[in-house]
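No experiment lies behind these values; they were computed from the predicted model shown. Throughout, a chain's letter reflects where its sequence line sits, starting with A, and its residues are numbered from 1.
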Protein chains: 2
Amino acid sequence: MKIEDEIKQVAFRDDYQKAHVNLIFTANWLQQQQSGFFKQFGLTLPQFNILRILRGQHPKPATVNLLIERMLDKTSNASRIVDKLEAKELVTRCVCPSNRRAVDIRISDPGLELLGRLDAAMNDQQFGVQNLTSADAAQLSRLLDKIRD
Amino acid sequence: MKIEDEIKQVAFRDDYQKAHVNLIFTANWLQQQQSGFFKQFGLTLPQFNILRILRGQHPKPATVNLLIERMLDKTSNASRIVDKLEAKELVTRCVCPSNRRAVDIRISDPGLELLGRLDAAMNDQQFGVQNLTSADAAQLSRLLDKIRD
DNA sequence: GATAATTAAATGTATGTACATATATTTGTC
DNA sequence: GACAAATATATGTACATACATTTAATTATC
């Protein structure tokens with residue numbers, strides 16, 4: 001659906017304003033699609049992202065600092081998201097032996113198992129990007145990179 | 001900067017996954033740019049959006065329902081955002097005379113004055129979309145509309 | 001080696017999001 | 001006109017975000 005119809009705004013000042021609003025709107029739409037998906041597995045999107053980083057490190061541990069570096073949203077609160085994952089026993093947390101300020105965070109076996117199920121489900125669920133051609137997708141990334149220059 | 005460098009991921013599975021991650025990352029980046037901007041004026045992004053809708057209605061009142069319809073994020077809590085704006089005396093709220101279930105919400109004179117200052121400042125602040133050509137911006141909107149089909 | 005500065009994580013507070021539920025008013029039906 | 005259904009908003013709870021502050025451990029400096 002065209003963005004004008006989605007947000008019931010008759011016209012935009014120019015293509016720049018339209019692209020800007022469309023970007024915010026679409027990313028939001030995507031996040032909602034995704035959070036509905038993750039909810040089936042008892043996770044939120046940020047919790048999933050942290051688990052995925054931990055799997056990337058596995059079997060090495062990660063520290064909170066490393067999680068913050070790798071997270072898409074740098075300013076979010078990794079420490080409290082790990083709290084939630086620990087409560088669900090998807091990760092373990094223990095004081096780092098070589099630096100007792102830091103904590104070693106590891107994905108647990110149930111955590112790995114959950115991510116495995118999520119991977120399988122995600123292959124059947126492409127959240128709209130499948131509507132693009134491969135060339136479209138590449139072009140989209142090029143435009144987005146240009147915006148952040 | 002290319003998305004691979006931004007999030008320190010070596011490679012994506014395909015252009016689809018890359019575009020997807022890039023979209024989420026870029027929209028987040030844009031929102032952070034904006035929220036820093038609005039903070040100078042004592043507003044948050046959703047508060048600004050509500051004020052802008054109210055100005056569009058002015059001098060007619062808006063109801064909470066109308067705000068929800070027009071907001072980019074449909075599921076957020078308009079009622080509590082209006083609470084914050086009312087506390088700052090940027091809007092007024094009173095029971096609608098013709099339907100006492102509804103509340104009439106109006107932007108106040110200080111609210112209009114604040115939006116006026118924001119408009120001026122926003123013309124000097126284009127948040128990255130100015131890096132695109134006009135044709136790029138139009139193409140971006142076309143791709144985003146396609147994703148949400 | 002005591003003390004200051006830095007670093008790593010956790011905590012506090014205000015705001016917003018998502019979703020369920022509650023309260024009050026209006027509308028529809030018998 | 002009583003009572004059920006629908007409507008408009010507000011409230012409650014859990015989670016996340018944004019940013020400042022605190023606590024504890026380590027490193028640097030004298």
Side-chain angles (χ1 to χ4, degrees), chain A residues 24-25 27-51 61-88 90-91 93-105, chain B residues 24-25 27-51 61-88 90-91 93-105:
Chain A
I24 299 284
F25 182 83
N28 216 53
W29 178 90
L30 262 178
Q31 280 190 337
Q32 282 182 0
Q33 299 279 111
Q34 286 187 312
S35 82
F37 172 75
F38 289 123
K39 202 175 173 183
Q40 301 175 294
F41 295 88
L43 287 181
T44 63
L45 180 56
Q47 287 171 7
F48 170 73
N49 283 328
I50 295 237
L51 273 188
T63 61
V64 172
N65 260 350
L66 184 141
L67 294 178
I68 292 170
E69 268 172 36
R70 300 276 175 86
M71 280 169 75
L72 294 193
D73 189 339
K74 312 283 187 196
T75 64
S76 83
N77 204 325
S79 186
R80 272 183 280 224
I81 297 172
V82 172
D83 286 347
K84 301 294 151 61
L85 292 172
E86 194 185 18
K88 289 178 232 181
L90 300 172
V91 307
R93 180 154 52 172
C94 64
V95 172
C96 174
S98 63
N99 179 352
R100 292 193 307 159
R101 285 172 301 188
V103 289
D104 282 348
I105 304 159
Chain B
I24 299 284
F25 182 82
N28 216 53
W29 178 89
L30 262 179
Q31 281 190 337
Q32 282 182 2
Q33 299 278 111
Q34 287 188 311
S35 81
F37 172 75
F38 289 124
K39 202 175 173 183
Q40 302 175 294
F41 295 89
L43 287 180
T44 63
L45 181 56
Q47 288 171 8
F48 170 72
N49 283 327
I50 295 236
L51 272 189
T63 62
V64 172
N65 259 351
L66 184 141
L67 294 178
I68 292 170
E69 269 173 33
R70 300 276 176 87
M71 279 169 74
L72 294 192
D73 190 339
K74 311 283 188 197
T75 63
S76 83
N77 203 325
S79 185
R80 275 184 275 226
I81 297 172
V82 172
D83 286 348
K84 301 294 151 64
L85 291 172
E86 193 184 19
K88 290 180 233 183
L90 299 172
V91 308
R93 179 154 53 173
C94 63
V95 172
C96 173
S98 62
N99 179 353
R100 291 193 309 160
R101 284 172 300 187
V103 289
D104 282 348
I105 304 159

*For B:Ser79 and D:dT9, is the shortest distance between a side-chain N/O and OP1 or OP2 below 4.0 Å?*
no
*Would you say a side-chain N or O of A:Arg100 is under 4.0 Å from OP1 or OP2 of D:dT27?*
no
*Which nucleotide in the set C:dA18, D:dC15, C:dG16 lies at the smallest distance from any side-chain heavy atom of B:Ile81?*
C:dG16
*Nearest-Å distance, NZ (A:Lys39) to P (D:dC15)?*
11 Å
*Between A:Gln47 and A:Gly42, which heavy-atom pair has the shortest distance, and what is it?*
OE1-O, 4.1 Å
*Please determine if a side-chain N or O atom of B:Thr44 lies less than 4.0 Å away from the OP1 or OP2 oxygen of C:dT15.*
no
*Atom CD1 of A:Ile68 to atom P of D:dA16: distance rounded to whole Å?*
15 Å
*Check the distance between D:dC19's P and B:Gln31's CD and give it to me in whole angstrom.*
13 Å
*Ignoring backbone atoms, test whether B:Gln47 places a side-chain nitrogen or oxygen under 4.0 Å from the OP1 or OP2 oxygen of C:dG16.*
yes
*What closest approach, in Å, do B:Ala27 and A:Ile24 show between heavy atoms, and which atom pair accounts for it?*
O-CD1, 4.1 Å
_On a heavy-atom basis, which atom in A:Leu67 and which in A:Ala62 lie closest, and how many Å separate them?_
CD2-CB, 4.3 Å
*Out of C:dC19, C:dG16, D:dT17, which nucleotide sits closest to the side chain of B:Asn77?*
C:dC19
*Give the minimum heavy-atom separation between A:Ile81 and A:Pro46, together with the two atoms involved.*
CD1-CB, 3.7 Å
*asked:* Both B:Lys84 and A:Leu66 contact DNA chain C. Taking the nearest nucleotide for each, which residue is further toward the 5' end?
replied: A:Leu66
_A:Leu43 and A:Leu90, any side-chain heavy atoms less than 4.5 Å apart_ = yes
*Nearest-Å distance, CD (A:Gln34) to P (C:dT17)?*
18 Å
*asked:* Are the side chains of A:Arg70 and A:Asn49 in contact, using a 4.5 Å heavy-atom criterion?
replied: no
*For A:Cys96 and for A:Leu45, find the nucleotide of DNA chain D with the closest heavy atom, then tell me which residue's nucleotide is more 5'.*
A:Leu45
*Side chain of B:Arg80: nearest nucleotide among D:dT17, C:dT26, D:dT13?*
D:dT13
_Spacing between B:Ile50 atom CD1 and C:dT15 atom C1', to the nearest angstrom_ = 13 Å
Dump the pairs, protein N or O against N or O of nucleotides 5-8 of chain C, anything under 3.5 Å, distances to one decimal.
unit_1	atom_1	unit_2	atom_2	d
C:dT7	O2	A:Arg101	NH1	3.2
C:dA8	OP2	A:Asn65	ND2	2.9

*Take atom CD of A:Glu86 and atom P of D:dC15, then tell me their distance rounded to the nearest Å.*
15 Å
*Could you check if a side-chain atom of B:Val103 sits within less than 4.5 angstrom of a side-chain atom of B:Pro61, using non-hydrogen atoms only?*
no
*May I have the distance from B:Asp104 (atom CG) to D:dA8 (atom C1'), rounded to whole angstrom?*
12 Å
_Measure CZ/A:Phe38 against P/D:dA16 and give the value in whole Å, please._
13 Å
